[in-house]
There are 2 protein chains.
Amino acid sequence: MGSTIKDVARLAGVSIATVSRVINSPETVKKETRETVLTAMKESGYTYNTLARSLSTRKSLSIGLIVPSITNPIFAESTLGIQDCANNFGYTVLLGDTDYDFKKEAMLINALNERRVEGLIITTSSVSNPYLKKFKDEDFPVVFIYNTTFSEDFHFVTIDNFKSAYEIIKYLIELGHKRIGMIAGYFDISDRSYARWQGYAQCLKDHGIPQDDSLVVQESFTAPAGKEAMKYLLKMSKPPTAVFCSNDFLAIGAMSAVYEKGLKIPDDISICGFDNMELSSHIYPPLTTVDQPAYEMGYRAMEILMRVMAGEVTVPQHIFLDYKLIIRNSCSTLNLFTKGRKHEEKRF
Amino acid sequence: MGSTIKDVARLAGVSIATVSRVINSPETVKKETRETVLTAMKESGYTYNTLARSLSTRKSLSIGLIVPSITNPIFAESTLGIQDCANNFGYTVLLGDTDYDFKKEAMLINALNERRVEGLIITTSSVSNPYLKKFKDEDFPVVFIYNTTFSEDFHFVTIDNFKSAYEIIKYLIELGHKRIGMIAGYFDISDRSYARWQGYAQCLKDHGIPQDDSLVVQESFTAPAGKEAMKYLLKMSKPPTAVFCSNDFLAIGAMSAVYEKGLKIPDDISICGFDNMELSSHIYPPLTTVDQPAYEMGYRAMEILMRVMAGEVTVPQHIFLDYKLIIRNSCSTLNLFTKGRKHEEKRF
DNA sequence: TTTATAATTGTAAACGTTTACAGTAAACGT
DNA sequence: ACGTTTACTGTAAACGTTTACAATTATAAA
């Protein structure tokens with residue numbers, strides 16, 4: 001138990017160097033000795049010490065991953081993609097969850113540095129933080145995922161949050177909706193949510209629909225929050241006829257608020273989300289949303305990170321993956337008559 | 001950049017030992033020198049090297065966590081609990097996802113050993129694997145979560161899967177159901193699913209309801225799988241009037257199959273799940289399920305692991321956390337007349 | 001054979017810490 | 001002033017690897 005290269009060497013009657021060699025370049029050691037070493041390893045119950053290797057080679061063969069919430073299947077999926085890719089290269093990924101707290105984020109980055117990760121994949125909750133500059137200065141390998149705010153200096157892989165939001169709002173408008181609300185994740189915590197709002201706002205503007213700020217409410221990215229937000233929206237004197245949620249969690253929460261009021265989706269109100277998590281196609285009614293390729297997002301990011309770490313790539317990589325509007329049954333054409341009546345009935 | 005304790009020492013004009021001391025036991029070094037060292041650290045951009053510490057002290061201050069699927073919010077939640085607790089003790093957690101593949105599981109365990117984790121929290125997908133014996137023999141600190149099959153030798157924290165399943169089936173029976181199906185996760189991969197099935201079977205037996213094996217179908221733990229399974233069940237000549245799913249994912253998938261057939265929940269068929277993930281209360285209809293305290297599961301497991309690693313505890317800890325039957329609106333009393341009619345209408 | 005070359009192995013320093021031990025300086029008691 | 005304790009600091013070995021270099025042995029060429 002707990003045997004080292006030294007023990008193996010003694011047992012096999014060779015030097016520690018050759019033991020090291022049978023581990024790292026077996027072809028350079030004579031077959032016979034290689035085999036005695038191998039059996040010596042078995043017998044002594046040797047297990048390799050990655051830590052010592054890292055110290056000696058100054059390569060940890062590990063990268064850090066920082067996500068806002070591993071509980072969100074989008075990030076969980078990406079994690080899988082990252083891990084799969086990393087493993088292909090013999091790398092381990094060290095995961096940290098920030099809970100959308102940038103203080104925690106900074107601490108995690110520090111912890112990962114102390115563990116000598118060779119690179120970082122991160123979706124940051126605070127796009128304008130000091131350590132970002134530091135990454136740049138020390139040109140430490142970092143690739144951002146999901147974030148959309150760094151156009152210039154950094155590597156990132158993401159989707160076009162602005163355009164995708166624009167597109168889904170356009171779809172809503174084409175269905176006849178004019179009074180369109182938005183339940184957004186907090187802008188200061190999620191640049192994606194902000195970008196989606198921008199798409200929302202621009203699209204309204206382009207279609208001559210006046211913007212009503214009281215129709216957009218910021219919340220945390222959870223179903224309960226979506227529910228609360230929707231309750232608020234439904235209580236308005238002139239509630240929206242459709243609402244765009246910047247996340248499927250919010251959308252599902254919003255839907256439940258609608259049901260609790262005894263209204264129907266999409267007949268009485270249209271709701272759409274963002275992310276297309278697996279569950280969203282199975283709920284009732286199936287949720288209209290925009291699909292992000294979460295697994296691929298992670299995989300691609302890791303690929304790029306590998307190339308950056310290898311020094312093969314120096315100019316900032318800006319990858320926009322394809323998103324896709326997924327039209328299901330949670331949005332319908334506006335029927336002014338019904339909507340008006342129903343709402344009034346309910347309100348008084 | 002990349003400065004070491006040695007650089008700091010030189011810069012501050014002290015020995016590396018004192019630098020180490022200001023890091024580990026600042027109170028033992030004179031205030032003045034401490035401060036010069038501290039500023040030297042700043043100036044040289046020193047960042048601590050955990051790897052070297054680990055090598056020297058033979059403590060990695062890290063533990064491994066192995067889950068079947070981080071994409072499942074239950075495991076994600078537990079991960080959070082584990083991480084929070086671990087951080088309180090200055091420990092880092094290294095996460096691995098097995099995708100319910102025990103081959104992958106073995107590889108992960110090995111990888112974690114090479115990284116010299118001091119302990120392991122795991123929900124294993126193969127309860128009867130050789131390395132489990134190894135843990136025992138080498139008495140390596142391991143605590144299992146969610147697994148229910150190790151009554152004797154190991155530490156674990158879980159809920160009583162048998163009893164909880166028994167209870168929810170009893171509830172169904174009290175509602176008048178006799179033809180109760182089950183959509184289960186694969187037994188060979190999930191001992192929990194198997195235990196739940198046992199609870200299901202025992203409860204039927206205790207209530208004099210004959211068991212019909214064609215009513216229980218094993219699947220992977222996903223919504224699409226649940227949907228397929230439900231489709232199969234609905235196609236039977238005598239479909240169940242209620243079905244118990246061993247996971248909320250499966251339940252939600254099952255529900256969508258029901259809707260697609262034009263049937264209503266719970267009027268035409270009752271469905272219940274297991275886990276009580278956050279979303280389950282927000283879907284329509286809100287899902288009847290059993291709640292597992294996922295976060296606490298992780299937190300408690302980590303607490304125990306700490307005590308085991310510290311040698312404070314040697315007799316196997318067997319912790320059963322409280323589960324809770326959560327009755328919502330996806331199950332209703334059996335109405336023989338309606339059910340019969342509707343099914344017949346649909347079938348022909 | 002002998003020599004040159006290739007294949008195989010060993011020696012020892014290095015990676016960045018911690019820590020037992022020894023040393024020195026300051027403070028205290030008398 | 002002295003010895004003694006206390007506070008602080010330095011020296012050097014150790015943790016388990018890798019790797020440049022040297023040394024040895026085997027092989028091929030002459």
Side-chain angles (χ1 to χ4, degrees), chain A residues 1-38 40-41 44-62 90 92 110-118, chain B residues 1-38 40-41 44-62 90 92 110-118:
Chain A
M1 186 53 220
S3 86
T4 79
I5 226 181
K6 221 179 277 177
D7 302 318
V8 175
R10 196 179 318 119
L11 216 170
V14 300
S15 74
I16 62 169
T18 56
V19 177
S20 177
R21 275 187 280 259
V22 343
I23 294 170
N24 297 298
S25 47
E27 69 283 359
T28 70
V29 14
K30 192 160 62 173
K31 199 176 173 189
E32 299 169 25
T33 48
R34 193 196 315 157
E35 272 155 11
T36 42
V37 168
L38 251 16
M41 298 212 281
S44 61
Y46 172 72
T47 109
Y48 188 68
N49 190 325
T50 312
L51 269 30
R53 187 234 304 115
S54 295
L55 187 59
S56 184
T57 62
R58 300 138 129 280
K59 303 192 109 287
S60 66
L61 295 191
S62 68
T92 303
N110 192 50
L112 291 172
N113 267 335
E114 291 191 349
R115 290 197 170 271
R116 290 296 186 268
V117 293
E118 298 173 32
Chain B
M1 186 53 221
S3 85
T4 80
I5 226 181
K6 220 180 278 177
D7 302 318
V8 175
R10 195 180 318 118
L11 217 169
V14 300
S15 75
I16 61 169
T18 56
V19 176
S20 176
R21 276 188 278 259
V22 344
I23 294 170
N24 297 297
S25 47
E27 69 283 1
T28 69
V29 15
K30 191 160 61 172
K31 196 172 174 192
E32 298 168 27
T33 48
R34 192 196 316 156
E35 272 155 12
T36 42
V37 169
L38 251 16
M41 298 213 281
S44 61
Y46 172 72
T47 110
Y48 187 68
N49 189 326
T50 312
L51 268 31
R53 188 236 300 116
S54 294
L55 188 58
S56 185
T57 62
R58 302 137 128 277
K59 305 192 110 287
S60 65
L61 295 191
S62 67
T92 304
N110 191 51
L112 291 172
N113 267 334
E114 291 190 350
R115 289 196 171 272
R116 290 295 186 270
V117 293
E118 299 173 32

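Throughout, protein chains are lettered first and strands after them, A, B, ... in sequence-line order, and every chain is numbered starting at 1.
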Next on the checklist: If I take atom CD in residue A:E32 and atom P in nucleotide D:dA26, what distance separates them, rounded to the nearest angstrom?
Outcome noted: 10 Å
Next on the checklist: Need one value for A:S25: base, sugar-phosphate or nothing, where a base atom within 4.0 Å counts as base even if backbone is also close, heavy atoms only.
Outcome noted: nothing
Item to check | Rounded distance in Å - CZ (B:R10) to C1' (C:dG16) | outcome: 13 Å
Item to check | Check: B:A52 main-chain N/O paired with B:S56 side-chain donor or acceptor under 3.5 Å | outcome: no
Item to check | Exam field: side chain B:T36 to backbone B:T33, donor-acceptor pair closer than 3.5 Å | outcome: yes
Checklist outcome for this item: For DNA chain C, the expected dot-bracket line (Watson-Crick or G-U under 3.5 Å, [ ] crossing, | inter-strand) is ||||||||||||||||||||||||||||||
Next on the checklist: Closer than 3.5 angstrom, by distance alone: can the side chain of B:T92 be matched with the main-chain N or O of B:S62 as a donor-acceptor pair?
Outcome noted: no
Checklist entry - With sequence neighbours left out, what residues match A:R116 under side-chain hydrogen bond (donor to acceptor under 3.5 Å, both in side chains)? => result B:T47
Next on the checklist: Can you build the contact string for nucleotides 4-15 of chain D? Use B for base contact, S for sugar-phosphate-only contact, and - for no protein heavy atom under 4.0 Å.
Outcome noted: ----SBBB---B
Next on the checklist: I'd like to know whether A:I23 forms a side chain to side chain contact (heavy atoms under 4.5 Å, CB included) with A:Y46, so could you lay out the CA-CA distance, the side-chain angles of the two residues, the decisive distance to 0.1 Å, and finally the verdict.
Outcome noted: CA-CA 12 Å; A:I23 294 170; A:Y46 172 72; 3.8 Å; yes
Checklist entry - Once you round it to whole Å, what is the distance between P of D:dG16 and NZ of B:K59? => result 14 Å
Checklist outcome for this item: Taken to the nearest whole Å, CG/A:L51 to C1'/D:dG16 is 9 Å
Checklist entry - Would you find a donor on one side and an acceptor on the other, under 3.5 Å apart, between the side chain of B:S44 and the backbone of B:S3? => result no
Next on the checklist: So, taking the atom named CZ in B:R115 and the one named OG in A:S54, what distance separates them when rounded to the nearest 0.5 Å?
Outcome noted: 6.0 Å
Checklist entry - Are the side chain of B:R34 and the backbone N or O of B:P26 linked by a donor-acceptor pair below 3.5 Å? => result yes
Checklist outcome for this item: A:E35 atom CD is separated from C:dT8 atom P, nearest whole Å, by 13 Å
